[in-house]
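Below you'll find the structure, written out as structure tokens, and then a few comments.
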Amino acid sequence: MQTYLVGGAVRDKLLNIPVSDRDWVVVGATESDMSEKGFTQVGSDFPVFLHPKTGEEYALARTERKNGRGYNGFSCDSSTTVTLEQDLIRRDLTINAMAIDENGNLLDPYGGEKDLQSKTLRHVSEAFSEDPLRVLRVARFAARYHQYGFNIASETLQLMTQLSNSGELRCLTAERVWKETSRSLLEPNPEVYFETLRNCGALASLFPEIDRLWGIPNPAKWHPEIDTGVHTMMVIQQAAILSDKLTVRYAALVHDLGKALTDPELWPSHRGHEKLGLDAIRDVSARLKVPNDCRDLALLVSEYHSHVHRAFELKPATVLKVLNACDAWRKPERFEDVLIACKADARGRTGFETDHYLQADYLLAAYAAANSCDVQQIIAKGHKGAQIKENLDQQRIELIRQIRSELKDVVDNV
């Protein structure tokens with residue numbers, strides 16, 4: 001019975017990146033052996049155990065044979081005759097197929113250390129193409145390690161393209177797709193994930209609503225980058241800089257889906273795209289089983305991002321309508337997230353990446369002023385029923401008007 005540290009812990013240790021999780025492979029042991037040592041078995045697909053003290057995962061070395069379609073179409077052998085090399089060869093990338101033994105020696109049968117040094121994401125074997133989920137995993141690693149200069153090997157990208165064209169991606173469950181996508185959205189460069197999927201043809205299969213954005217023009221005056229797909233990638237890049245929240249980054253990803261539905265005869269104008277994209281956001285969110293908080297923020301950003309961009313042009317009563325629609329009174333943090341996503345949208349344009357977004361400052365000040373109204377004072381004056389809301393709205397509008405007046409010099413210079 002031999003135990004090896006494997007996978008991401010070895011990879012990140014060699015990259016001098018902090019290791020958060022450690023996974024282990026056990027060679028020459030049975031399930032009974034693990035249970036006798038106090039390990040608790042988890043998972044039904046193959047033998048994985050939790051260490052009785054550390055809680056870390058220990059898996060019996062195993063081989064896999066493809067016997068069906070999709071992520072689950074495998075038969076597994078975890079007998080005591082399976083070697084470490086046989087276990088490592090079934091992994092996705094060479095940089096994930098290294099191990100460290102109990103004496104601290106590096107075991108690298110497939111050239112992972114060399115690929116780390118050359119900053120290359122390369123598949124271990126042709127068995128890579130047996131698992132369609134690996135297309136998404138490699139794209140996620142590309143998003144994670146882009147900051148260190150990593151690129152995908154051309155032969156690996158070719159295999160990813162073959163998998164995308166095979167129809168195997170349609171066998172992936174919504175849960176699996178969303179898990180990889182949500183993790184990728186939280187990487188330092190989430191745009192690389194979607195660009196990689198597009199380069200291998202997977203984006204059209206899994207995210208057709210997003211894939212359609214490429215080739216759709218925007219007015220050059222406001223969008224020097226022109227292409228809506230390029231703009232969307234710039235927006236989620238800005239969102240990653242501004243926020244570590246999944247909700248904000250998802251909203252940034254889908255905020256312009258309505259532009260893919262604009263009549264081409266109207267291009268490059270996209271009047272009404274804000275509401276036009278709402279059903280598309282609902283569709284993709286439902287299909288991928290996106291969490292409600294992500295979907296709800298995305299819907300608000302889609303519908304109101306143009307209002308926010310034109311905040312200084314809005315009448316105080318319209319500003320109040322936006323605050324009401326966003327339910328800023330009960331969910332102020334979500335309203336701030338709307339503004340952050342809008343800021344990412346404004347900065348996600350060529351030449352605008354570092355602009356100060358005064359609209360957010362104004363709307364936050366307008367919210368703070370309007371929220372200072374005391375409804376109890378209105379009730380104390382004898383107002384009842386609909387009169388309470390009417391008086392509350394009037395007071396809030398007046399306070400917003402005062403804030404706008406105080407910021408007039410700033411507003412006039414925008």
Side-chain angles (χ1 to χ4, degrees), residues 1-64 71-72 74 76-113 115-116 121-125 127-128 130-131 133-145 148 150 175-176 179-180 182-184 186-187:
M1 180 174 174
Q2 298 170 300
T3 303
Y4 302 88
L5 182 67
V6 296
V10 178
R11 175 195 69 226
D12 290 347
K13 179 180 175 66
L14 293 177
L15 286 172
N16 293 317
I17 297 173
V19 175
S20 56
D21 297 310
R22 301 195 303 173
D23 294 318
W24 305 83
V25 160
V26 182
V27 176
T30 65
E31 296 180 25
S32 297
D33 293 332
M34 300 299 286
S35 297
E36 289 174 4
K37 291 182 177 294
F39 285 79
T40 303
Q41 185 168 354
V42 295
S44 56
D45 294 334
F46 45 81
V48 177
F49 299 81
L50 298 182
H51 191 281
K53 294 182 178 180
T54 67
E56 294 176 337
E57 289 191 357
Y58 285 66
L60 297 185
R62 68 184 189 270
T63 61
E64 294 174 341
Y71 175 78
N72 293 315
F74 294 90
C76 175
D77 175 15
S78 57
S79 64
T80 57
T81 60
V82 177
T83 66
L84 176 68
E85 289 75 12
Q86 288 175 313
D87 180 273
L88 293 177
I89 200 172
R90 68 175 176 77
R91 296 174 183 265
D92 48 10
L93 298 172
T94 59
I95 64 170
N96 296 330
M98 296 179 286
I100 295 177
D101 67 17
E102 294 166 317
N103 296 317
N105 300 310
L106 178 67
L107 303 172
D108 180 21
Y110 305 111
E113 186 176 26
D115 282 339
L116 277 183
L121 301 176
R122 189 191 317 277
H123 64 283
V124 178
S125 71
F128 176 95
E130 295 178 352
D131 184 356
L133 187 66
R134 289 178 171 175
V135 173
L136 279 70
R137 280 178 52 83
V138 173
R140 173 164 61 83
F141 282 119
R144 176 181 298 177
Y145 294 108
Y148 303 112
F150 276 75
E175 290 83 358
R176 288 286 180 183
K179 182 178 180 180
E180 292 298 326
S182 61
R183 293 178 69 182
S184 298
L186 293 175
E187 297 291 1

Excluding sequence neighbours, so at least two apart, what forms salt bridge (charged side-chain N to carboxylate O under 4.0 Å, His left out) with Asp108? none
Do Leu106 and Glu113 come close enough that some side-chain heavy atom pair is under 4.5 Å? yes
Hey, could you give me the CG/CZ distance between Leu93 and Arg122, rounded to the nearest 0.5 Å? 10.0 Å
For Gly112 and Met98 the tightest heavy-atom approach is C-SD, 3.6 Å
Nearest-0.5 Å distance that lies between atom CG in Leu136 and atom CZ in Arg176: 11.0 Å
Distance check, rounded to the nearest 0.5 Å: Ser182 atom OG versus Arg140 atom CZ? 9.0 Å
According to salt bridge (charged side-chain N to carboxylate O under 4.0 Å, His left out), who are the partners of Glu187, at least two apart in sequence or on a separate chain? Arg144
Step by step, would you call Thr81 with Ser79 a side chain to side chain donor-acceptor pair (under 3.5 Å)? CA-CA 5 Å; Thr81 60; Ser79 64; 3.0 Å; yes
Do the non-hydrogen side-chain atoms of His123 and Thr94 ever get within less than 4.5 Å of each other? no
Give the minimum heavy-atom separation between Val82 and Val27, together with the two atoms involved. O-CG1, 3.5 Å
With side chains defined as the heavy atoms from C-beta onward, is the minimum distance between Asp115 and Leu121 less than 4.5 Å? no
At what distance, to the nearest 0.5 angstrom, does CG of Leu133 lie from CD of Glu180? 5.0 Å
Is the backbone of His51 close enough, under 3.5 Å, to the side chain of Thr54 for a donor and an acceptor to pair up by distance? no
Pairwise side-chain contact, Tyr110 with Leu88, heavy-atom cut-off 4.5 Å (strictly under): yes
Point-to-point distance, once rounded to the nearest 0.5 Å, from CZ of Arg90 to CD of Glu85: 13.5 Å
Which heavy atom in Gly28 sits nearest to a heavy atom in Asp33, and how many Å separate them? O-OD2, 4.4 Å
Tell me whether Asp12 contacts the main-chain N or O of Ile17 through its side chain, where contact means a donor paired with an acceptor under 3.5 Å. no
In sequence, state the C-alpha distance, the side-chain angles, and the governing distance for Leu84 and Leu107, and then conclude on side chain to side chain contact (heavy atoms under 4.5 Å, CB included). CA-CA 9 Å; Leu84 176 68; Leu107 303 172; 3.5 Å; yes
Does the plane of the ring in Tyr145 sit parallel, tilted or perpendicular to the ring in Tyr148? Use 30° and 60° as the thresholds. tilted
Spatial distance of atom CD1 (Ile100) from atom OG1 (Thr3) [nearest 0.5 Å]: 13.5 Å
Test item: Leu15 and Phe150 side chains (from C-beta on) under 4.5 Å apart, heavy atoms: yes
For Ala61 and Thr83 the tightest heavy-atom approach is CB-O, 4.3 Å
Check Thr63 against Gln86 and note the closest heavy-atom contact, atom names and distance. CG2-CB, 3.8 Å
For Asp23 and Glu56, run side chain to side chain contact (heavy atoms under 4.5 Å, CB included): C-alpha distance rounded to whole Å, both residues' side-chain angles, the deciding distance at 0.1 Å, then the answer. CA-CA 7 Å; Asp23 294 318; Glu56 294 176 337; over 6 Å; no
Before giving the answer on side chain to side chain contact (heavy atoms under 4.5 Å, CB included), spell out for Arg11 and Phe141 the whole-Å C-alpha distance, their side-chain angles and the decisive distance to 0.1 Å. CA-CA 12 Å; Arg11 175 195 69 226; Phe141 282 119; 3.5 Å; yes
Between Glu57 and Trp24, does any side-chain donor sit less than 3.5 Å from a side-chain acceptor? no
Between Asn103 and Asp101, the two heavy atoms sitting closest are N-OD1, 2.9 Å
For the residue pair Phe49 and Leu60, establish whether any side-chain heavy-atom pair is separated by less than 4.5 Å. yes
Using a strict 4.0 Å threshold on nitrogen-to-oxygen distance, state whether Arg134 and Asp92 make a salt bridge. no
Look at atom CG of Asp21 and say whether more than 12 heavy atoms of other residues, nucleotides or ligands are closer to it than 6.0 Å. no
Do Arg91 and Val6 have side-chain heavy atoms sitting under 4.5 Å apart? yes
Are Val138 and Phe128 packed together at the side-chain level, in the sense that at least one heavy-atom pair is separated by less than 4.5 angstrom? yes
